[in-house]
Amino acid sequence: GISLVEARAAVGARVGFLYDTGEGLAGASVGYVAGPNAKETFTTKGGTLGNGKVEIERGISFLRFLIEGQNQLYHNNKIVLNLGFGLGVATGSVKEKCISASGSLLCTTLDSAFWTGFTWEVSPGIAFQAGNTEIIFGLHYAGFPAFAGNRDQSKIAWSGLGFFAGVAF
């Protein structure tokens, strides 16, 4: 048989607050990450299974709650270099569905699964100051809780590296 997997990247959004402690910033946030997602195609030609093809879509998402901190590594009147970090809990969700089947292969009923676990993040960034507002750009390297798999779903272990942009008031 032949397998083809098309993967799509994740995208996320979050809202939070940071409080100036005098030693740095501390706060909390809630965020949602959609992905990574995939479309899997399995094709057989002859043999025991005969000829056929099955296509499956797999969608993964996470809802995260983080306690966050941020330290300024460098600061002048216009630019701030930050190092942010976060620890928390996330709930993951995976949904698989069969979108087509042909030949000797049949669609099976695929299921959803949910799990909860530890999540973390490291976020270096640069902020440009304009009055009381900062425009921030940087990187997020984040770890998400792993899913051990079950009878209907395969194991999921994922961490992501991405770019972010934001505004702070």
Side-chain angles (χ1 to χ4, degrees), residues 5-40 56-97 99 109-169:
V5 177
E6 297 174 33
R8 292 181 290 284
V11 63
R14 85 168 152 208
V15 176
F17 69 91
L18 291 171
Y19 173 75
D20 189 349
T21 66
E23 299 285 324
L25 301 175
S29 68
V30 60
Y32 180 78
V33 178
N37 299 314
K39 180 179 175 184
E40 302 165 359
I56 297 171
E57 285 185 342
R58 183 180 211 197
I60 301 170
S61 63
F62 293 93
L63 179 63
R64 314 196 303 159
F65 300 92
L66 292 172
I67 301 298
E68 297 187 52
Q70 189 179 93
N71 287 324
Q72 293 181 349
L73 304 175
Y74 172 79
H75 182 277
N76 70 24
N77 290 337
K78 297 192 186 243
I79 297 175
V80 178
L81 297 178
N82 295 314
L83 180 59
F85 52 91
L87 301 173
V89 65
T91 296
S93 168
V94 60
K95 295 178 185 169
E96 288 188 358
K97 68 179 181 177
I99 55 175
T109 302
L110 300 174
D111 206 351
S112 299
F114 299 90
W115 66 99
T116 299
F118 178 70
T119 186
W120 57 266
E121 169 177 299
V122 176
S123 304
I126 185 168
F128 300 94
Q129 294 187 323
N132 290 333
T133 304
E134 291 183 345
I135 300 170
I136 308 162
F137 299 97
L139 296 173
H140 282 308
Y141 181 57
F144 295 85
F147 175 58
N150 61 28
R151 188 188 68 168
D152 297 319
Q153 307 285 343
S154 57
K155 178 182 174 182
I156 298 169
W158 182 65
S159 60
L161 175 65
F163 296 99
F164 73 88
V167 177
F169 304 99

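Each residue takes its place number in the sequence, starting with 1.
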J.: Locate the shortest heavy-atom distance separating F144 from G160; write the atom from each residue and the value.
T.: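 The pair with the smallest heavy-atom distance is CE1-N, 4.4 Å.
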
J.: How about I135: does its CD1 atom have over 12 heavy atoms from other parts shown lying under 6.0 Å from it?
T.: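 Counting neighbours around CD1 of I135, 12 or fewer heavy atoms of other residues, nucleotides or ligands fall under 6.0 Å, so no.
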
J.: Under the rule for side-chain hydrogen bond (donor to acceptor under 3.5 Å, both in side chains), what residues qualify as partners of T133, not counting sequence neighbours?
T.: none

J.: Taking only residues two or more places apart in sequence, or in another chain, which ones meet E121 in a salt bridge (Lys or Arg N to Asp or Glu O under 4.0 Å)?
T.: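 Scan of E121 (salt bridge (Lys or Arg N to Asp or Glu O under 4.0 Å), adjacent residues dropped) gives R14, R64.
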
J.: What I want to find out is whether K39 reaches E57 closely enough, with some N-O distance under 4.0 Å, to be called a salt bridge.
T.: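 Salt bridge absent between K39 and E57.
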
J.: Is any side-chain heavy atom of V33 closer than 4.5 Å to one of W158?
T.: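 Yes; the side chains approach each other to less than 4.5 Å.
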
J.: Distance check, rounded to the nearest 0.5 Å: E68 atom CD versus F17 atom CZ?
T.: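 Spacing of CD (E68) from CZ (F17) equals 9.5 Å.
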
J.: Verify the neighbour count for atom CG of N132: are there more than 12 heavy atoms of other residues, nucleotides or ligands below 6.0 Å?
T.: no

J.: Answer whether the closest heavy-atom distance between the side chains of N77 and Q129 falls below 4.5 Å.
T.: no

J.: Working to the nearest 0.5 Å, report the span between CG of L139 and CG of L161.
T.: 5.5 Å

J.: Which heavy atom of F118 sits nearest a heavy atom of L87, and at what distance?
T.: CZ-CD2, 3.6 Å

J.: List for me each residue that meets side-chain hydrogen bond (donor to acceptor under 3.5 Å, both in side chains) alongside S93, sequence neighbours excluded, and say none if there are none.
T.: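 Checked S93 against side-chain hydrogen bond (donor to acceptor under 3.5 Å, both in side chains); zero matches.
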
J.: Please round to the nearest 0.5 Å and tell me the distance separating atom CZ of F85 and atom CD of Q70.
T.: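 Between F85 CZ and Q70 CD, I get 9.0 Å after rounding to 0.5 Å.
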
J.: Are side-chain heavy atoms of V122 and L83 found at a separation under 4.5 Å?
T.: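 In short, these two side chains touch, coming nearer than 4.5 Å.
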
J.: Which distance, rounded to the nearest 0.5 Å, do you find between the CG of L73 and the CD1 of I126?
T.: 11.0 Å

J.: Tell me, do I136 and V80 make a side-chain contact under 4.5 Å, heavy atoms counted?
T.: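 No - every pair of side-chain heavy atoms lies 4.5 Å or more apart.
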
J.: For the residue pair T91 and F65, establish whether any side-chain heavy-atom pair is separated by less than 4.5 Å.
T.: no

J.: Show the nearest heavy-atom pair for residues S159 and G143, with the distance to one decimal.
T.: CB-CA, 4.0 Å

J.: With sequence neighbours excluded, what pairs up with Y32 under the ring pair (Phe, Tyr, Trp, His ring centres under 6.0 Å) test?
T.: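 Applying ring pair (Phe, Tyr, Trp, His ring centres under 6.0 Å) to Y32 gives none.
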
J.: Is it the case that atom CZ in F128 sees more than 12 heavy atoms from other parts of the structure closer than 6.0 Å?
T.: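 Atom CZ in F128 is crowded, with more than 12 foreign heavy atoms closer than 6.0 Å.
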
J.: About how many Å separate CG of N37 and CZ of R58, when rounded to the nearest 0.5 Å?
T.: 10.0 Å

J.: Give me the atom names and distance for the closest heavy-atom approach of L66 to G88.
T.: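 For L66 and G88, the tightest heavy-atom pair comes out as CD2-N, 3.8 Å.
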
J.: Ring pair (Phe, Tyr, Trp, His ring centres under 6.0 Å) with F147: which residues, sequence neighbours excluded?
T.: W115

J.: Quick test of your reading: applying salt bridge (charged side-chain N to carboxylate O under 4.0 Å, His left out), list the pairs with at least one residue in residues 131-147, sequence neighbours left out, ordered by first then second residue.
T.: none

J.: State, to 0.1 Å, how close N150 and A113 come at their nearest heavy-atom pair, and which atoms those are.
T.: ND2-CB, 3.9 Å

J.: List the atom of A10, the atom of P36, and the distance in Å for their closest heavy-atom pair.
T.: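 So the two residues come closest at CB-N, 3.8 Å.
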
